[in-house]
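Report on the structure given below.
All values derive from a computational prediction rather than experimental measurement. Naming: A, B, ... by sequence-line order, numbering from 1 per chain.
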Amino acid sequence: MNDFRLAWRNIWRNKRRTLLTAASIFLAIFLALIVRSIQTGWFDNLITISIQSYTGHIQIHKKGYWDDKDINNSMVFNDSLMTLVRTTKNVDKTVPRLEYFALSSYGKQTKAVMLAGTDPGREDALTHLSRKVIKGKYLDIRGNGILVSQGLASFLGLATGDTLVLLGQGFHGVSAAGKFPVSGIIHIPSPQLDNQMVYMNLTTAQDFFSAENRITSLSVTLKNPDEINTTVTDLKDKTGTGKYEIMRWDEIMVEIMQQLKIKTAGGMIIIAILYMIVGFGIFGTVIMMTNERTKEFGVMVSVGMQKTRLAFILVLEMLFIGLTGTLAGVVAAMPIMVYFNIYPVHLWGSMAQAFISFGIEPLMPLAIKPGFIVSNVITVLVIVLLTCIYPIRKAVKLRVVESLHK
Amino acid sequence: MNIIEIKNLSKVYDAKTIPVYALNGINLAFSEGEFTSIVGPSGSGKTTMLNLLGGLDSPTGGEIMIDNTDITGLKSRQLIDFRLRNIGFVFQSFNLIPVLTAKENVEFIMQLQGVNKEQRDRRTFELLKSVGLNDKVNTRPNKLSGGQQQRVAVARALASKPKFILADEPTANLDSKSAENLLEIMEKLNKEEHITFIFSTHDARVVAKARRVITLEDGKIVGDVSKN
């Protein structure tokens with residue numbers, strides 16, 4: 001009879017109690033995994049939407065642009081930069097943009113706008129901008145027609161075919177002024193952006209801001225987003241230090257990341273409360289299992305079992321219960337996670353519409369990441385081991401004569 | 001040859017307030033092959049004496065030399081190891097491990113000693129046969145009668161090949177037939193295999209079988225009679 005078999009038999013002395021304790025662990029880990037899977041799937045989707053709707057996985061700017069988004073911090077965009085980026089391993093798509101503020105005017109209305117000059121073909125390949133057009137037509141590669149967001153058009157009273165006057169400051173303080181025909185109205189799900197966006201052809205924007213061959217950002221998407229750090233390093237090596245800043249999506253979307261962190265923290269607090277309740281349940285079992293066998297422990301030590309070995313057997317007993325519950329929880333949660341990962345949940349209502357307007361299918365897959373599965377398993381096992389402090393202490397401090405009289 | 005020598009042994013409870021002498025200046029020696037009963041009224045110090053002899057409790061003063069080792073000077077781990085290799089215990093209420101079968105209970109101590117499986121199996125079957133339980137090898141304690149459980153406990157005590165066996169009122173929880181049967185087995189083991197037994201008891205049958213009777217009263221020896 002080795003220690004493992006003895007521990008295994010001991011836990012089945014009181015089947016109902018062992019099963020109840022294992023069931024509480026099972027339920028906790030099952031719920032934790034499903035919640036984390038939904039939450040992670042949801043966040044991954046949000047990040048994907050943000051990446052695919054504008055930022056890309058990586059952005060390249062002139063060094064200092066991110067801290068001071070001024071057109072004078074724009075960079076020269078030429079074939080050599082494009083070739084250098086496009087020939088970097090793992091780079092998929094690239095979109096050059098010239099972004100700056102201007103004052104728009106139509107009739108008696110004026111409003112500050114965010115003007116984005118972009119390559120229509122590349123922009124559509126990355127962000128599916130053409131799918132956001134609700135009236136008129138998408139940008140033409142040669143024409144000077146512009147796309148105006150729905151909220152802005154509504155404020156100014158604009159319709160397709162109307163002409164919008166734009167005024168601003170161009171590169172090196174040159175005055176920028178121009179009249180642009182509205183070729184299309186687009187709907188952007190974000191109300192903030194929908195009230196201020198104007199898209200135009202990159203060359204038209206460069207002419208308007210007197211910034212020939214200049215861009216403020218080059219957005220890059222990757223074939224394998226998991227290798228983003230390697231790609232950033234490769235790009236930094238290729239472009240050299242000092243000239244450009246190469247930023248990951250999580251450095252660009254700081255606000256979204258903060259929101260996700262807050263929501264993740266909220267989820268983690270709920271899971272922590274769940275684990276705390278389960279922890280007290282396990283502790284109750286440990287106290288009962290220990291105290292009802294004090295006399296037996298005394299006998300074992302009397303006949304020659306070292307107290308440390310007795311403590312080891314008690315830890316094994318709790319680990320067996322913990323592992324039984326944990327494995328059952330993982331085994332039960334995995335098929336559900338795998339199923340909804342392969343066959344994502346179909347969203348409905350306004351949420352589905354928001355996804356569609358971004359050009360993304362309204363689907364929400366559950367995430368399966370070894371990281372959160374392993375961390376939940378480790379959390380439960382750590383809780384189990386913490387509750388073992390009590391029996392370990394009892395075993396080590398055991399007074400044989402007193403325990404024999406229990 | 002003496003296997004146990006006790007010098008000026010005392011055990012005092014509540015020493016800081018009103019001292020109660022459970023044992024007071026005991027001097028004794030036990031030689032190999034003894035079949036000895038320690039008798040006396042309740043509270044006379046019988047169980048305390050057995051606990052001290054077995055290294056389960058520590059004395060307030062005095063020495064207990066077992067095979068030239070003063071066990072009062074051993075540390076906890078050393079003492080547990082000493083018990084494992086030198087002392088067998090039979091308790092009043094059997095105290096078998098409920099999740100182990102008769103065989104496994106007997107085998108348990110040999111496993112703690114690190115005896116290999118082949119030797120363990122051989123000795124376990126020999127011991128269970130010697131206590132008349134070779135047909136109950138795979139039976140758990142809850143399926144055994146009190147007498148059978150106590151016989152398994154005797155086999156367990158013998159498993160480690162101890163220098164002596166301490167039995168604290170071994171017949172107290174047994175019916176007369178089972179008690180007689182157990183005593184016969186222990187007497188046989190003592191006579192045939194020269195195993196030393198030291199009992200604490202109230203049972204007249206045990207006293208009748210004992211070849212030496214030590215009487216305790218108020219923590220002192222008031223009688224020590226050897227029978228021929």
Side-chain angles (χ1 to χ4, degrees), chain A residues 1-19 285 288-321 391-406, chain B residues 11 13 22 47-48 50-52 54-59 75-101 103-115 117 120 124 140-142 153 156-160 162 165-166 168:
Chain A
M1 173 63 52
N2 62 34
D3 295 349
F4 289 86
R5 281 182 68 191
L6 181 58
W8 182 253
R9 284 199 199 166
N10 277 334
I11 66 171
W12 297 111
R13 285 176 173 201
N14 190 329
K15 281 181 194 161
R16 190 180 298 172
R17 184 174 61 204
T18 297
L19 287 173
T285 301
M288 282 189 276
M289 281 178 71
T290 308
N291 288 341
E292 72 189 11
R293 286 158 58 200
T294 307
K295 185 173 184 177
E296 189 179 310
F297 299 160
V299 172
M300 287 169 130
V301 175
S302 300
V303 299
M305 178 177 264
Q306 290 293 348
K307 291 173 179 177
T308 44
R309 189 162 177 183
L310 174 63
F312 174 69
I313 291 171
L314 296 176
V315 171
L316 277 182
E317 289 175 18
M318 288 319 298
L319 276 178
F320 280 146
I321 296 177
I392 290 171
R393 208 180 133 79
K394 273 270 183 183
V396 173
K397 301 262 176 192
L398 188 83
R399 296 167 73 100
V400 178
V401 174
E402 283 173 22
S403 62
L404 286 172
H405 287 106
K406 292 271 179 186
Chain B
K11 178 72 182 177
Y13 291 108
T47 301
T48 304
L50 250 61
N51 286 342
L52 293 176
L56 301 177
D57 204 355
S58 53
K75 289 179 179 166
S76 174
R77 284 189 73 86
Q78 293 171 321
L79 201 53
I80 292 170
D81 200 51
F82 187 86
R83 285 202 297 268
L84 174 65
R85 298 185 191 285
N86 297 286
I87 308 169
F89 291 91
V90 177
F91 301 95
Q92 183 180 336
S93 48
F94 329 132
N95 290 340
L96 298 176
I97 299 167
V99 293
L100 304 183
T101 62
K103 174 185 178 283
E104 288 163 345
N105 263 291
V106 176
E107 209 182 3
F108 179 70
I109 290 175
M110 287 186 275
Q111 269 195 317
L112 294 177
Q113 287 182 317
V115 176
K117 192 176 182 320
R120 281 198 322 254
T124 304
R140 287 201 183 181
N142 62 348
R156 178 177 69 178
L158 289 166
S160 64
I165 288 176
L166 297 172
D168 187 12

**Q.** Over 12 non-hydrogen atoms of neighbours within 6.0 angstrom of CZ in A:Arg399
**A.** no
Q) What residue in B:Ile109, B:Leu79, B:Asn51, B:Leu56 has the most heavy-atom pairs under 4.5 Å with chain A? A) B:Leu56
Q: Please determine, among B:Leu84, B:Thr101, B:Ile80, B:Asn95, the option with the most heavy-atom pairs under 4.5 Å with chain A.
A: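 Winner by heavy-atom pair count: B:Ile80.
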**Q.** Pairs of heavy atoms under 4.5 Å with chain B: top-ranked of A:Val303, A:Asn10, A:Val400
**A.** A:Val303
Working to the nearest 0.5 Å, report the span between [atom1] of [X] and [atom2] of [Y].
X        : Y        : atom1 : atom2 : value
A:Glu402 : B:Asp57  : CD    : CG    : 8.5 Å
B:Glu104 : A:Arg5   : CD    : CZ    : 6.0 Å
A:Leu404 : B:Asp168 : CG    : CG    : 9.0 Å

Any [X] side-chain heavy atom under 4.5 Å of [Y] side chain:
X        : Y        : answer
A:Gln306 : B:Leu112 : no
B:Arg77  : A:Thr308 : yes
B:Thr47  : A:Val401 : no

Q: Compare every heavy atom of A:Ser302 with every heavy atom of B:Phe91, then report the nearest pair and how far apart it is.
A: CZ-CB, 3.9 Å
Q. Which heavy-atom pair separates B:Pro98 from A:Arg13 by the least distance, and what is that distance?
A.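 Smallest heavy-atom distance, with atoms named: CG-NH2, 3.3 Å.
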Q.
Suppose we screen for salt bridge (Lys or Arg N to Asp or Glu O under 4.0 Å). Which residues come up paired with B:Lys117, at least two apart in sequence or across chains?
A. B:Asp121
(Q) Using the salt bridge (Lys or Arg N to Asp or Glu O under 4.0 Å) criterion, which residues pair with A:Arg393? Sequence neighbours excluded. (A) none
(Q) Counting only non-hydrogen atoms closer than 4.5 Å, does B:Ser160 touch chain A with its backbone (N, CA, C, O), its side chain (CB onward), both, or neither? (A) neither
Q | Segment of B:Arg156 engaging chain A (4.5 angstrom heavy-atom cut-off) | A |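 The side chain, not the backbone.
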(Q) I need the contact set between residues 292-301 of chain A and chain B: heavy-atom distance under 4.5 Å, sorted by residue number. (A) A:Lys295, A:Glu296, A:Val299, A:Met300, A:Val301
Q. Partners of B:Lys75 by side-chain hydrogen bond (donor to acceptor under 3.5 Å, both in side chains), sequence neighbours excluded?
A. none
